[in-house]
Every structure is written in C-alpha cells, then in structure tokens.
There are 2 protein chains.
Amino acid sequence: MSVTIIDIAKDSNTSKSTVSRYLNGSKVKPVAAKAIEASIKKLDYHQNVNAKRLVTQKSHTIGVILDDISNVYFSEILSGIQSVAGNQGYVSTFYSRASDHKRETDFLSLFREGHIDGLILGTFQKRTPQELEIIAKSEFPIVLIGDNCGSNRINSVDVDNKQGTMDEVEYLYNHGHRKIAYLRGPLKISGAEFRAQGFIEGMHKHGLDSSLILDIEWTVDGGHNAALQILQDASVTAIICSNDYCAYGALNACRQSGLRVPEDISIVAFDDGPLAKFSIPALTTVKQPFKQLGETAARQLIGMIQEESPVKASILLQSQFIVRASSGAAPAQTNLENKGETYGS
Amino acid sequence: MSVTIIDIAKDSNTSKSTVSRYLNGSKVKPVAAKAIEASIKKLDYHQNVNAKRLVTQKSHTIGVILDDISNVYFSEILSGIQSVAGNQGYVSTFYSRASDHKRETDFLSLFREGHIDGLILGTFQKRTPQELEIIAKSEFPIVLIGDNCGSNRINSVDVDNKQGTMDEVEYLYNHGHRKIAYLRGPLKISGAEFRAQGFIEGMHKHGLDSSLILDIEWTVDGGHNAALQILQDASVTAIICSNDYCAYGALNACRQSGLRVPEDISIVAFDDGPLAKFSIPALTTVKQPFKQLGETAARQLIGMIQEESPVKASILLQSQFIVRASSGAAPAQTNLENKGETYGS
DNA sequence: GTGAAAGCGCTAACAA
DNA sequence: TTGTTAGCGCTTTCAC
C-alpha cells in the first residue's frame, strides 16, 4: 500500500532495522545514513505512527477531559496544554464527559486501550471522594486541574483563589474600607469556596466583620440583585465580587442607585475576563493565569510519563491583582463614621 | 503483558478470530458468545486500539486545527465538533498551528502517518490560494470552517455573515433610519469582509448611501474612537458595529457624548457574546451559531470519511438577529430632516 | 554497526 | 459459523 521501511531498506541497500535505527537517532554509518535519507526523500516515506504505537506501547498522546469545553476560560487552559505538549512531541486528544455516555470513571480505559499515555482532568467543580480515590489508586499518570481536596496522593495544579481574594481585602483595607460586602459564588465550584475563605480570613486578619456575605449565581443578574440589596445599607463602602460577571451586575446596580464608582463605593472583581479593562469604570480585578495553568499541568504530566516518578505535588499558581478605575479610597464620611465607632469601642 | 484476544480465546475455548468477530458484532453462536463474554469479564480484557488502527488503517480520529484556540468562540466550535464526533465513535485530536514549527501544509502528513482519518481546518482569517489548492487537490477528507474563497472543490461550513448584516440594515431601515454608519472589522478576517458587503448591499437595496464606513480593529477601544468620530455628524441615527466588542466601545462613546441609546442613536452589534444581553442597554446583535458550526463540520467530515463520497458542498449557516434595548426608532427630528432632503432633491 | 528473526495485538482472507 | 494462517509496519533482541 504505502511506502514502508522495507521499501526504504531495499532502495538504500540496507536493512529494515538499520532504517529504523536511522529514524530513531541510533548510530548508523554515515554512508548508510546518506543512502537512507535519499531513499526517504525519493520514495516520499512517512512513518506509520500506529505501528510504532503498537510495538512501543506508547501513544505519545495526552488526554484532556474538561467538564465544559465551551467555558471561555477552558480554551485558554487548552491552549496552554497544547503549547507545551506540542513542544514535547505529544498530541492532545479531547474527551468530554458530556458526550461520553459511559460511566464517569471510564477514563481509566483510555489508558488500558492504548489511547493515551497521560491524562489531564480539569474541572472547576468539586470532585467526589470516590473519583479522587480512583485517581489516587491508579498507576497511570494523571494530573488534576482544580481542587485536589487535600489529597496528597494526587498531582494537581490550581490557582490560589484564597490568596487572590486576600489581596483584594488587603488593598481595600489599606484604602480605608472597613465595611465590605462579599458576593460569594456557587459552593459546588471549589474556587468559589476558596475565594470566600480568602475574604473571611482577610477580614479577620484586620479584625473586621466578615458576615456580610451574599450567595449568588455567577451571572450579571446575580450580581445585580445582590448589590441592590447590599446598597440598602449606606455604610458599605466596598463590594468584593467573586467573578467578573457579577461585578458587571454590581456596577449596573450602583449606577441605577445613583452611586458613583469608585467615589461612593468601590467594586472589585475576580477573573480579569476580556472585557474587564473596558467596562466603565474599568474593573479592579484578580487575573487568573489560565494559560499557565494548562502549561503547568502539561509539564507536570509529561514529567510523570517520562520519568515514571511517583513524586506527587500540588501546585498553586499565584493570581495577579490588577487595580483599575472601579476601586479607590473609601468615602471620607464613612471613614469618620468608622473612626467614631473605633473610638467608641 | 496485558490481556489479549488470544487469552480470551484460550479461556473461552474458541479462537482468536471468533473473539474478534464477537467484538466486532459479527455472527457468533450464542454459546460461544456467552463464553467469550464471561472470559472478557473474568480477565478484564481491553482492546488495543493501536493494533486495530494498524491493521484497519483507520484511526477513528478527526484532527482539528484552529488558528487560535484561545479565541472565545473557538471553544464553542470545538464543543460542537466534540459532541458529534463522540457520538459517532470518533475522538478529536487537536493541533495548533502555532506550536507546529513545521511548514504550513504539514497537515497532510497527519493523514499519511495515520494520525487522523479526517481534518477540520478552522480559521477566521482568509486562507491563501496555495493552501486552498493543496486542500482541493488532496484526496483526504477535509472540511473547512470559514471562507472557502469560492472554491467549489472544497467542503466548507461558514456563517452567513453577509445576510446577518443585511438583516440589521433591513431592521434599521424599517425603523426609520436613513443615515447609518458602519464600523468595519479587519479585512484579513473573511467574516469582516462579508459583513461589510452585507452593509453595502443592504444600504443600496434601499437607495441609501453606504459610504459612511470606518475601518477599525475589533476592540472596545477601536469602536470607541470610531464612534466618537462618527458622532461629530449629528445626522447619523444608527451605527452598525461589526462585532460586540466595538459595540461596547460605541456605547461608551455615546454615553460620553451625552447621547441616549437608543433614543438619540441606535447601536447594533454582531456575535452575541456572553455579555451582550447584560450591557446597559442590552445589545441588539446578530447571534452566530458557533456550536452548530462545529457540529455541522464534524457531521460533514464523518460523512466524507465513511462514504468516501466526493460530493463537495459549501454550507452557509444562518445567523439569528436579536433585538434588544440598544436600538429603536430613529429620532423624529432626524426623520424630518431626511424627509426634507428627500423633498428637495 | 548491521541484518535476521521474532513479535506487538489485531483483522481478514481462506478453507473447513 | 469457525479455526488456521498470513500479514498490518514497526522495534528490538540477538548473533555476527
């Protein structure tokens, strides 16, 4: 059918094995190498990866399973994975949970059937203990993107959501804010939980009340409604929104209530999506290193595959706090109010 | 090493080929089937896809090459591809141009090396004639997402950008707008060109002047600056923005200029990104069927792979015009003005 | 360094 | 229907 190494061997007066060695970088006499090279060009030879995979028992493929491909941020993660995988001679194949009608843990058969050498499991949802256990027990190279729920037997990469939010609290505190509200995202998403912890811990660090927390969906509407409610209390000088979307909603609510941002109230967000710097006013927010998340996971995974090293690591990537126009110093009157309270106690 | 069909054959007192037949759905005596089934369970057999690929010369893999994975909309396309590919027993593997240091047209070797059975090439940029020629001449199943530059020898799927924009012109015309400005996107992006054609054609259809076109980058800033310029001319009653981003910029420019949207001026956009319905005012825009784009391409590709049919088709998917708050009737005074001009001429 | 030979796990004639 | 046999195209001992 197609040109094989046997054809090359014949044409170059060598043998199958010599051609194979040449192709794989083993020592071959220069004369032979020249001849083989010429034959390959002449006959337009292309290796058959499936034959190679069969005999080497390696697919040089890394599998990627993401909960929801269509999520905006996943595409950046994917791009990061792709980039390092490509450089290391791996291709990445995509499996979505949704279209896979089999049971959840069928990712193990991807290994057994020879589809993949390693797997990146990405999710923003919390994983079940059972699933975590399967991953931990399996002898296959798997890296989790997201929360590993404290299991030190699972390799994982995540963004330091907690620290990101603590940075925001710190910033607001330094700008005189004392009464700060928090819009907490859905608790089934692990990042939302860590962010909320960051809020609570950051507030406590300065002896501030962290009870002004509203639970919302991560939508513009969710942020809008919650902010409207918060704004009833005129003493609140800042709202920390747990993602960009709800911050847009909060921004709208402020405008609707006749409040100026940031003069009357500060709004800070989380994510730094593509529109964050263009909203009016531009959003102060925390940038998540999505691409780096993918790159790191891929690098870690390929390390596991190649060295077969059983070293487990949980990597936490730092986010970046970006100050823009939606936040600033707490309004003077409220500062006085707060000072008064402080004196009184 | 691992359990093979030979092991199953021995354990079930049948032969290799019978097991293979059972596995592939050929007729096998019920007794044998039962025995084989039991052995498979007992020995925990998993097929080796690479052996199968080697002998059948089919990878059941479709390759996807997108110009820029991290583009927000590509993730939806990808999700569409994934969804139909998965249902048809195909996996999708991802190759990005960027990380591939080889020459552009190396996608052909993906076929020759047995990586893929078919390829989806997605790009919003215009392809070069040389590349188009390579695709057209190749005997491999390839579907293009985007502009096929009129080549009827290439299977392709695209959004009907022109019609989408014509719908907008039609709508504005019916609402009394006569002087309409257009923010044209980068011409290297084929969709931008078709949209602009739709504007020109739509305007001409009603005998309107289509010369008020400004070239911009598809960014919020780009839209902002261009709109500021357009607003100098108070007789303009509507701006058609060629994507959502620049529409946000135009919205900001209007606010900054003290113009009310839609009372004083109508803004319409293109894309219907995730924030379109939440901006203030919510954007009237054209929704692109990205997921369907991916689904259609995948279906078409799998059709080519399986039937080997040489039928070439260019599919144009309809966009959906969505009216929201950023557009409305042309302001009365300007209508009068226009009427005056009409009478005078 | 090189060639001969064995075999990776599977499918697909072919004959029974 | 089934088993036997011959490969698919490659890597990898092993002896030279």
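Within every chain, numbering begins at 1; the chains are lettered A, B, ... in the order of the sequence lines, protein sequences first and strands thereafter.
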Quiz item: Which part of the nucleic acid does A:S26 contact within heavy-atom distance under 4.0 Å: base, sugar-phosphate only, or nothing?
Solution: nothing

Quiz prompt | Net bend of the helix from C:dG1-D:dC16 to C:dA16-D:dT1, end axes of five pairs each, nearest 10 degrees | solution = 30°

Quiz item: Does anything in residues 14-27 of chain A pair up under salt bridge (charged side-chain N to carboxylate O under 4.0 Å, His left out), and if so which pairs, sequence neighbours excluded?
Solution: none

Quiz item: With sequence neighbours left out, which residue pairs that include part of residues 35-60 of chain B fulfil the ring pair (Phe, Tyr, Trp, His ring centres under 6.0 Å) condition?
Solution: B:H60-B:Y90

Quiz item: Which whole-number value in Å describes the distance from A:D7 CG to D:dC10 C1'?
Solution: 13 Å

Quiz item: D:dG9 phosphate, OP1 or OP2: any side-chain N/O from A:S2 under 4.0 angstrom?
Solution: yes

Quiz prompt | Letter per nucleotide, 5' to 3', of nucleotides 10-16 of chain C [B base touched, S only sugar-phosphate touched, - untouched; heavy atoms, 4.0 Å] | solution = BBBB---

Practice problem: Please name all residues satisfying ring pair (Phe, Tyr, Trp, His ring centres under 6.0 Å) with A:F111, sequence neighbours left out, ordered by chain then number. | Solution: A:F140

Quiz prompt | Residues forming a side chain to side chain donor-acceptor pair (under 3.5 Å) with B:S17, sequence neighbours excluded | solution = B:S15

Quiz item: Which of residues 27-44 of chain B have a heavy atom under 4.0 Å from DNA chain D?
Solution: B:K27, B:V28, B:K29, B:A32

Quiz item: In whole angstrom, what separates B:K10's NZ from C:dG9's P?
Solution: 12 Å

Self-check item: Residues forming a side-chain contact (heavy atoms from CB on, under 4.5 Å) with A:T61, sequence neighbours excluded
Solution: A:R53, A:S59, A:V91, A:T93, A:I116

Practice problem: Output all residues satisfying side chain to side chain donor-acceptor pair (under 3.5 Å) with A:E193, sequence neighbours left out; order by chain, then residue number. | Solution: A:K126

Quiz prompt | Residues which pass salt bridge (charged side-chain N to carboxylate O under 4.0 Å, His left out) with A:E37, listed by chain and number, not counting sequence neighbours | solution = none

Quiz item: Below 4.5 Å, heavy atoms only, C-beta onward: do B:P141 and B:D117 meet side chain to side chain?
Solution: no

Quiz item: Rounded to whole angstrom units, what separation is found between the CG atom of A:L54 and the C1' atom of C:dA6?
Solution: 14 Å

Practice problem: Could you pull out all residues at least two apart from A:F124 that satisfy ring pair (Phe, Tyr, Trp, His ring centres under 6.0 Å)? | Solution: A:F74

Quiz item: Just how far, in rounded Å, is C1' of D:dT11 from NZ of A:K58?
Solution: 12 Å

Quiz item: Can you pull the side chain to side chain donor-acceptor pair (under 3.5 Å) pairs that have at least one residue in residues 141-151 of chain A, sequence neighbours excluded?
Solution: A:N148-A:S156, A:N148-A:S314

Practice problem: Provide, to the nearest angstrom, the distance between the CZ atom belonging to A:R112 and the C1' atom belonging to C:dG9. | Solution: 17 Å

Quiz item: Tell me, do B:K52 and A:N50 make a side-chain contact under 4.5 Å, heavy atoms counted?
Solution: no

Quiz prompt | Euclidean distance, atom CD of residue A:Q57 to atom P of D:dT12 [Å, nearest integer] | solution = 11 Å

